[in-house]
Amino acid sequence: MNLDNLNPQQKEAVITTEGPVLVVAGAGSGKTLVLTYRIAYLISLGISPSSILALTFTNKAANEMKERIRKLVGKRADYIYMGTFHSIFARILRQESNLLGYTRDFSIYDTDDSENVIKAILKDFNLSENHFNPRFLQNAFSKVKNKSVTNEYEIEKTLGNQNKKLVELFYEYNRRLKQSNAMDFDDLLIKPIELFSNYLDLLEEYRERFNYILVDEYQDTNIAQYRLLKLLVNQNRNICCVGDDAQSIYKWRGAEVRNILDFHKDFPETKIIRLEQNYRSTKSILAVADSVIKNNVFQIPKTLWTSNESGEHVKIIMCYDERDESNFVSRKISELLYSNEYQPKDIAILYRTNSQSRNFEESLIKSSIPYIIVGGVEFYKRKEVKDLLAYLKLIVNPKDDESFLRIVNFPARGIGEISIATLKSIARIKEKSLFQAISDLLENNEVNDRIKKNFKLFHDLIIKYQSLLSQSNFYETTKAFVDEIGLLQIYKEEGTEESLQRYDNIIQLLNSIQDFQSINPDKQLSDYLSEVSLLADVDNWEDRKNSVVLMTLHSAKGLEFKVVFIVGCEEGLLPLKRDGMIEDIEEERRLFYVGCTRAMKELFLTYARNRNRFGNSFPQIQSRFIEEVDKKFTKLEATPLAEIYMKKKSEMRSIIVDDYSQINEFDDDIIENTREIRPGTFVLHDVFGKGRVIYSEGYGDHQKVIVEFKSGIKKHLMVKYAKLKVIK
DNA sequence: GCAATTTACTTTTTT
DNA sequence: AGTAAATTGC
């Protein structure tokens, strides 16, 4: 194998195949390259691909890596065990499920499902949700599992509050999941630990199989994952972990940077390799990122350097408000696209919270810039999608109470609150799942016939499709099922924009089932459901679409773009403040660092003077991270609106100190004016006819635009003289 | 039991 | 401001 295009450290990381290796890889230092080459190299040495276990952070990363390895070693790449911790161990758990008292068709509950289970428990225990916040409990339970603590005292300590009640609820929660033949995300990590600790011969089997273990994004593994790794590593101790403590951004989810620091304690013979040359970014971008991250006290000292050119200055832009901010970004993107230096897919807009995407969506539409939002209300969390999936889960796993409750009366079939309460009490007495308790309800003389009839219909429906599923392929069965309950018809008849969207989503879901079946002809419906539950937002993003990408800073981890906009760089937003508290300032700083280091050529940092939150506008202060940036590498700018606002504000201050009403009136005027003619606007010109504005600069009498007319010619015009009329 | 209206809550970040 | 939950009226 040819390793000539690797630098000495990268090469060492590739060819040190035996024994524990820790690769401390700075941002953009070719970490993915090293992992792909390392795996390909192992295979070229004659090592069986199926003895390689490669754990990544997202499915997307796994697929990309597999694709790249395939290019190097061909078909053999298909046999590598590669995927996220969750998906790999879900697969193993399905195989060994009976040892743990689950069936192979167990359901996977997402965070919302878990929260619903907790709500149901609180109700049954007569506890107020005000006193026991379900979301808090869900979070706390997850923490216990992430830390993989098992003894009661430790559980109590982790749950906090010295509250025995919480421990009781925790046990009840797990009991109910087990009874529903369901696992939550964390179970997918701790159940394997349980499995391997109880069945040592089985552990030995897996240890032998996975002779080479590789872990990507190691800085974001939690204690449970680390324990799992330690269990699986065999006497050869061929484990290679790649990570960067500066990019650890999932501490809130239980990730432990200590896993990096402590690695050599468990593996004293570890070879530590540092990758410090950055191949991705310009000097300016790297310098900006570095000047901020060095304010963190807790970090492994390292010097990331690059031989790339200095490049453009990093731009810091002050905006008036969030709409001005999104308009600026759209304007700038039009400009970048117009220069023909960049394509839409080269550009990313990164923000701290999903809710920030809305304004950008609006302004990008107005400017006719193709875009794609990664995340937000994810596809698989939408009501209609979850409903259909709940039906399928119930058909596959009749013990799944959560799915049962979700769809038992949707579409409406006359099974209301009272009917369900009756069924619940029967289920509790008989110690059966809700679905299984239906047959008991039907034989119960105290239940009236109307209720019985409704349950009977529902029961027969599910039974029918259970048997259909065993007879024909699951896509056909699902399709027939959707037709029978008239799901598509319901949304079609409603006819609102929202329900048509839902219609499309159901179609899309059916298509994805069909695709899954044709790609994996030997797999079952439960495999599909499992895969779908473990998809991340980024996994669904097809970058071939050539669109500007909008996503959270978290989702951007591991990706790179030629141009990056980090928006909303304001105190309270980035770093994010909640309940008046900033959770963990160093983690927020690392998040900012991750954002900056995604950029290859150009980086824009924007902030707004005012921002709407919960319907009210609040004055904002620029982020401390912007203060920390070494200004030698930046250029400070302001949007026209922000400039006028600042000027006006200082003038006003000298005249009337407290009367802000005049500022607001003034603001409305200028906002209206600059909004009218902007990139994307269609205009009519006396001489040139119809055209579209593709670039705009300046404001008022100084506003200049570039218009592309129908004839194809582009004109630079001063709005003041051009007498443009806005059309549509 | 169901649809329509009112109220409450939301903005962390995700497998 | 926008959405989900809760409450009311039929």
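A, B, ... follow the sequence lines: proteins, then strands. Residue 1 opens every chain.
The aromatic ring of A/Trp252 stacks onto the base of B/dT13, its centre lying under 5.5 Å from the centre of the six-membered base ring with the two planes under 30° apart.
Distance NZ/A/Lys123 to NZ/A/Lys424: 6.0 Å, rounded to 0.5 Å.
A/Ser419 has a side-chain polar atom (N or O) that falls below the 4.0 Å cut-off from OP1 or OP2 of B/dG1. Contact check, A/Arg135 against B/dT11: a side-chain N or O comes under 4.0 Å of OP1 or OP2. Phosphate contact (OP1/OP2 of C/dG2, side-chain N/O of A/Asn612, threshold under 4.0 Å): absent. At C/dT3, one or more side-chain N or O atoms of A/Arg358 fall inside 4.0 Å of OP1 or OP2 (strictly under the cut-off). Within the 4.0 Å cut-off from OP1 or OP2 of B/dT14, at least one side-chain nitrogen or oxygen of A/Ser555 is found. Taking side-chain N and O atoms only, A/Arg578 has a distance below 4.0 Å to OP1 or OP2 of B/dT12.
The distance from atom CG of A/Asp110 to atom P of B/dT13 is 15 Å, rounded to the nearest whole Å. In this structure, A/Leu573 atom CG and B/dT12 atom P are separated by 11 Å, rounded to whole Å. In this structure, A/Leu423 atom CG and B/dG1 atom C1' are separated by 17 Å, rounded to whole Å. The CZ-C1' distance, from A/Arg502 to C/dT3, rounds to 11 Å in whole Å. What separates CD of A/Glu322 from P of C/dG2 is a distance of 12 Å, to the nearest Å. Per the geometry, NZ belonging to A/Lys577 stands 14 Å off C1' belonging to B/dT12, to the nearest Å. One atom, CD of A/Glu362, and another, C1' of C/dA1, lie 11 Å apart when rounded to the nearest Å. Rounded to a whole Å, the CD atom of A/Glu587 is 9 Å from the C1' atom of B/dT13.
Between A/Tyr250 and A/Phe57, the distance from one ring center to the other falls under 6.0 angstrom.
At the heavy-atom level, A/Ser355 lies under 4.0 Å from base atoms of the strands shown. Using a 4.0 Å heavy-atom distance criterion, A/Phe85 is classed as making no nucleic acid contact. Counting any heavy atom pair closer than 4.0 Å across all strands shown, A/Asn409 reaches sugar-phosphate atoms only and no base atom. Using a 4.0 Å heavy-atom distance criterion, A/Gln356 is classed as making no nucleic acid contact. Using a 4.0 Å heavy-atom distance criterion, A/Leu188 is classed as making no nucleic acid contact.
Distance noted for atom C1' between C/dA6 and B/dT11: 22 Å (whole Å).
Each of A/Ile451 and A/His554 lies near DNA chain B, and the nucleotide nearest A/Ile451 is the one positioned closer to the 5' end. Each of A/Leu534 and A/Asn133 was assigned the nucleotide of DNA chain B with the nearest heavy atom; the assignment lying further toward the 5' end belongs to A/Asn133.
For the residue pair A/Glu322/A/Asn359, the side-chain donor-acceptor check at 3.5 Å is not satisfied. If you check the side chains of A/Ser114 and A/Asp184, you find no donor sitting under 3.5 Å from an acceptor.
Using a 4.0 Å cut-off between charged side-chain N and carboxylate O, A/Arg609 and A/Asp324 make no salt bridge. Taking 4.0 Å as the cut-off between side-chain N and carboxylate O, A/Glu325 and A/Arg611 count as a salt-bridged pair.
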